[in-house]
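Notes for the one structure printed next.
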Amino acid sequence: MARPRTMTDEEVLDRISAAVGDSPWTLTGAAQAAGLHPATLIKRFGSREGVLLG
């Protein structure tokens with residue numbers, strides 16, 4: 001059974017956006033800003049590009 005989500009995708013993206021702004025970012029840095037594991041971001045958004053387009 002999958003673990004329930006504690007944040008919506010929009011909340012995740014808001015946290016990432018607030019932390020990195022317009023500066024270059026890494027998947028690991030974005031995951032830390034969101035309080036998630038990098039693999040969780042990939043699972044939710046499909047790829048690093050998917051996070052950017054989200």
Side-chain angles (χ1 to χ4, degrees):
M1 181 160 149
R3 192 179 220 185
R5 291 183 176 183
T6 57
M7 289 185 286
T8 65
D9 288 350
E10 186 175 297
E11 290 171 322
V12 170
L13 294 171
D14 286 345
R15 285 184 177 196
I16 293 169
S17 179
V20 299
D22 291 331
S23 61
W25 61 277
T26 63
L27 187 61
T28 302
Q32 288 174 347
L36 300 170
H37 192 276
T40 303
L41 290 181
I42 296 299
K43 186 173 182 180
R44 280 187 174 204
F45 299 101
S47 67
R48 182 176 191 264
E49 200 173 286
V51 176
L52 286 170
L53 298 174

Name each donor-acceptor pair under 3.5 Å that joins a side chain in residues 13-21 to protein atoms two or more places apart or in another chain, with its distance.
| from | atom 1 | to | atom 2 | distance (Å) |
| --- | --- | --- | --- | --- |
| Arg15 | NH1 | Ala34 | O | 3.2 |

Would Ile42 and Leu27 count as a side chain to side chain contact (heavy atoms under 4.5 Å, CB included) here? Give the steps. CA-CA 9 Å; Ile42 296 299; Leu27 187 61; 3.6 Å; yes
Would you list the pairs meeting salt bridge (charged side-chain N to carboxylate O under 4.0 Å, His left out) in which at least one residue belongs to residues 23-40, sequence neighbours left out? none
I'd like to check the side chain to side chain contact (heavy atoms under 4.5 Å, CB included) partners of Gln32; sequence neighbours left out, ordered by chain and number. Thr28
Return the set of residues passing side chain to side chain contact (heavy atoms under 4.5 Å, CB included) with Thr6 (not counting sequence neighbours), or none when no residue passes. none
Give every residue pair that meets the side-chain hydrogen bond (donor to acceptor under 3.5 Å, both in side chains) criterion with at least one member in residues 43-54, sequence neighbours excluded.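 For residues 43-54: Asp9-Arg44.
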